Structure formats: C-alpha cells, structure tokens
Amino acid sequence: AFANHFKVKWLVMAEAKDTPGVARTLDNLYQYPFFTPPANVAYALFVDVDRPGAEVEIFERIPAEIAPSWVIATPNGAQAGWFIDPVDLRDTAHDHPIRYARNVGKALRAVVGGDPLVDPVSPSRVRNPAYEHAGTFARSITPIYTLGNLYTALKDAGLWTYEPMQFSSGKPVMEPTTGTLPVGGRNKGVFDTARFVAYDGGDYAAAAWAANDRC
C-alpha cells in the first residue's frame, strides 16, 4: 500500500535517524527503517509522539473513521501516518492546499500530543512503515483520506483546535514561557524560547540551552 501510494520511483532511505541517507528504488523499502518524504509532493501526514504507550493512545484519541493509515511503536513512543490525496508542494503550487494540509496535520498532532518540532507535511526523516522489522500496526485495507475527510471528522468530534498565530510587525504577539518547563513540554518549550529570541536577532542557541536547564 505504501509503495503504491507514493507515486515515486525512489526515496532517500536511511539506517538510522542520524546516518546519511541514500537514494534507493521502492523495491528496497523493506530494508531501511527510516526515509525522507518527497519534497515536491505530500503523500501523507506524519505525527511523532514521545510518550510510552503512545501506539495505543493514538488509536484511542483519534476518531475511528479517520484512524491512522499506520502506526509504528518507537523506543520513546510512536509515529503515526495518514495517507492523503497528494498535495503539490512545489514553489509553483497554490498555497492554500499546502496551508490546509499543514493545519490538518497540526490538528491531528494536537489531538495525540505529538512533537511540535516534527513537521506533519514535510518532516526531515521518519520511520518507514514498510520496513520488515518495523512492527507496523495497520488495517488490512489501508485508508487514503482527503483533507476534507480529516477536517470534518475532527470538527464533528470537537477536536479541531488549530488557531493561527497572531503576528505584529513580523513578530508573534504571544510570548514564550520563561519559567520552569513542565514534564512533557521540553521540546516545545525549548523550541518556542529559541525562535522568539531568533525573531529579535538574539543568541537563540544560548536561549535554547538555558530553557533546557529549566526542564
């Protein structure tokens, strides 16, 4: 199902999150635990959850009619993916479908408490559900969703939580947390702190380390 849905001849695959990727044809999918999604077309939405037992919680929290196309247990939690009707990501593509896909992905991520640093549309590297040792959870018939399917189900279940960030003079109106970062909020807290300092042209690396120390 994965190979049939991704209308490409090859993908960049890798042995681990931090090893160099290599371009391989799709008949080699089963050999690699990680891959990089195509940059020009979105064939799926991805959510990463760093929490033990997440592979069960994902199915519990997401409405059954839009259950993930696949879920993979990871050492720290789980990754889930939803096959979607392809969305053109090229520079010449219409911006609205890209924004729509990203907003739907963020809403899915919010429902399951996913990692905000993982882009649901264009992640840099994700786990491969077709890897032979992945232990992938999937239905016998893997669903392919339209963005409208996903949006409607989330909206009907009261789970559509996307709120656009407000900007003023090119900077976010909201401010990052400056106190102690709560359990489970490290990634988002460090990221938010660093980016707000970066918006002001400050030393965002130092701010990130300082935020990390507040965890």
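Computed from a predicted structure; not experimentally measured.
- With contacts defined as side-chain heavy-atom distances shorter than 4.5 Å, the pair Val22/Tyr32 qualifies.
- Residue Val118 is not grouped with residue Val111 when hydrophobic side chains (ILVMFWY) are merged at heavy-atom distances under 4.5 angstrom, including chains of intermediate members.
- Within the 4.5 Å cutoff, no side-chain heavy atoms of Pro120 are placed close to those of Phe46.
- Counting only heavy atoms from C-beta outward, the side chains of Trp82 and Leu108 approach each other to under 4.5 Å.
- Nearest heavy-atom pair across Pro97 and His94 is CD-O, 3.3 Å.
- One distance of note links CG of Asn28 with CG of Asn128; it measures 11.0 Å at 0.5 Å rounding.
- Summarising the geometry, atom OG1 belonging to Thr136 is positioned 12.0 Å from atom CD belonging to Glu55; distances are rounded to the nearest 0.5 Å.
- Side-chain contact between Asn212 and Arg186: present, with at least one pair of heavy atoms (C-beta onward) separated by less than 4.5 Å.
- Of all heavy-atom pairs spanning Phe6 and Leu26, the tightest one is O-CD1, 3.8 Å.
- Under the 4.5 Å side-chain heavy-atom criterion for grouping Ile, Leu, Val, Met, Phe, Trp and Tyr, Tyr43 is connected to Phe83 within one hydrophobic cluster.
- Between atom CG of residue Leu117 and atom CZ of residue Phe191 there is a gap of 6.0 Å, rounded to the nearest 0.5 Å.
- Residues Arg125 and Gly21 share a closest heavy-atom pair of NH2-N, 3.4 Å.
- Under the salt bridge (Lys or Arg N to Asp or Glu O under 4.0 Å) criterion, no residue pair touches residues 10-21, with sequence neighbours excluded.
- Side-chain atoms of Arg51 come within 3.5 Å of backbone atoms of Val112 as a donor-acceptor pair (strictly under, hydrogens ignored).
- Taking CG of Leu29 as the start and CH2 of Trp10 as the end, the distance is 13.0 Å to the nearest 0.5 Å.
- Atom CD1 of residue Ile98 and atom CG of residue Leu89 lie 5.0 Å apart, to the nearest 0.5 angstrom.
- Looking at every heavy atom in both residues, Ala14 comes nearest to Pro33 through O-CD, 3.4 Å.
- Side chain of Asn103 to backbone of Arg99: a donor-acceptor contact under 3.5 angstrom is found.
- Looking at Asp48 and Arg127, no side-chain N of the basic residue comes within less than 4.0 Å of a carboxylate O on the acidic one, giving no salt bridge.
- Taking the centre of each ring, Phe2 and Phe35 come in below the 6.0 Å mark.
- Between His5 and Thr142, the closest side-chain pair of non-hydrogen atoms is not below 4.5 Å.
- Residues Tyr151 and Tyr100 are in side-chain contact: their nearest non-hydrogen atoms beyond the backbone lie under 4.5 Å apart.
- In plain terms, the two heavy atoms of Pro38 and Val8 that are nearest each other are CG-CG1, 4.1 Å.
- Phe59 and Phe137 have perpendicular rings, their planes meeting at more than 60° on a 0 to 90° scale where under 30° would count as parallel.
- Here the CD1 atom belonging to Ile58 is positioned 9.0 Å from the CD atom belonging to Gln79, to the nearest 0.5 angstrom.
- The closest side-chain heavy-atom distance from Ile144 to Ser69 is not below 4.5 Å.
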Side chains of residues 70-78: which donor-acceptor pairs under 3.5 Å do they make with residues two or more places apart or in other chains?
unit_1 : atom_1 : unit_2 : atom_2 : d
Thr74  : OG1    : Asn76  : N      : 3.4
Thr74  : OG1    : Gly77  : N      : 2.8
Thr74  : OG1    : Gly77  : O      : 3.3
Thr74  : OG1    : Ala78  : N      : 3.3

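- Between Asp85 and Leu147 there is no side-chain heavy-atom pair separated by less than 4.5 Å.
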Evaluate Tyr204 against Arg195 for side chain to side chain donor-acceptor pair (under 3.5 Å), listing each step before the verdict. CA-CA 7 Å; Tyr204 57 86; Arg195 68 189 176 94; over 6 Å; no
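- Between Pro63 and the options Thr152, Leu150, Leu159, Asp156, a side-chain contact (heavy atoms from CB on, under 4.5 Å) holds for only Leu159.
- By the criterion of side-chain heavy atoms lying less than 4.5 angstrom apart, applied directly or through intervening Ile, Leu, Val, Met, Phe, Trp or Tyr residues, Val121 is not grouped with Val41; the two fall into different hydrophobic clusters.
- Closest non-hydrogen pair, Ile62 versus Ile66, comes out as CG2-O, 3.2 Å.
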